[in-house]
Amino acid sequence: MNKTKIGLILGSVCLILTCAIVMQIRTINQNITVSDLGVVSDELRDEVLKWKEKYDNSYKELEKAEKELEEERTEATKNDETSKTKEEELKKGNAVLGLTDVTGEGIIITLKDNPTVTTETIGALDDISKYIIHQEDLLNLMNELKNAGAEAISINDQRIIPSTAIICSGNITQVNGEKVGAPFIIKAIGKPDELKEALERPGGIIDLLNSYGIVTDIKTSNNLTVLKYDGVIQHKYMKEIK
């Protein structure tokens, strides 16, 4: 064989070997890529499953939280209704005790000492004190009003409450510790006709005061305001039962 033929044969063999090597490399690369994709796919599937599990757990927690929130809302609504009821009861209690301003229909009574009586116009044996207003007169008037159904009473804007003291010292009258004087303006909330009728009955307090010339004036009102007691209520002896 000459050198030319030998060169051609060797070249052909080299070419065949080169092509075979290239094809082998491509096959290996292909196999590696497919294998890698399979691994990646498995990893992604595992990751998706993990996130799905987390989602399911989170959704369950969300449902649980929403249920608890709804229960809290229901309970809060109940508490609100209870609070409203308690608040209304408290307001009514304070109104009865005289701790809030109140309004309603009722009567206004004005009392003035007898303007015609002086030490000069009465006899030496006559008692001038009979012709002026005293604590007993005011107390009797309060009792008459309460018995007639008055729900709120004030004397010169001093609210009458269970612990109110009406004290007369000389010509000075005190109501709730505050000095008040004639004319005495008494406001009473209640049914006007019944209150007026009770006061003006024969032998009643107004009849007695009129007999001494004390000026009495009673007017009805459809919109009367009685102010609250502005002092401090203290209980020294009674205690709450728990």
Does the Asp101 side chain pair with the main chain of Thr225, one donor and one acceptor, at a distance under 3.5 Å? no
Does [X] belong to the same Ile/Leu/Val/Met/Phe/Trp/Tyr cluster as [Y], with side-chain heavy atoms less than 4.5 Å apart forming each link?
X      : Y      : result
Val102 : Ile186 : no
Ile155 : Val215 : no
Ile161 : Ile189 : no

For [X], check side chain to side chain contact (heavy atoms under 4.5 Å, CB included) against everything at least two apart and list the hits.
X      : value
Glu197 : none
Ser221 : Leu224
Asn156 : Val180, Phe184, Ile185

Who clusters with Ile241? Use side-chain heavy atoms, under 4.5 angstrom, across I, L, V, M, F, W and Y, and order the result by chain and number. none
Of all heavy-atom pairs linking Leu99 and Tyr229, the shortest is CD2-CD2, 4.3 Å
Which salt bridge (Lys or Arg N to Asp or Glu O under 4.0 Å) pairs, counting each pair once, include a residue from [range], with sequence neighbours left out?
range            : value
residues 208-217 : none
residues 179-189 : Asp157-Lys187
residues 220-232 : none

Set of residues satisfying side-chain hydrogen bond (donor to acceptor under 3.5 Å, both in side chains) with respect to [X], sequence neighbours excluded:
X      : result
Glu200 : Lys196
Thr173 : none
Thr164 : Asn176

Under 3.5 Å, which donor-acceptor pairs link side chains of residues 139-148 to any protein atom two or more places apart or in another chain?
residue : atom : partner : partner atom : Å
Asn140  : ND2  : Glu136  : O            : 3.1
Asn143  : ND2  : Leu139  : O            : 3.3
Glu144  : OE2  : Arg201  : NH2          : 3.0
Asn147  : ND2  : Asn143  : O            : 3.1

Residue list, salt bridge (charged side-chain N to carboxylate O under 4.0 Å, His left out) with Asp207, at least two apart or on another chain: none
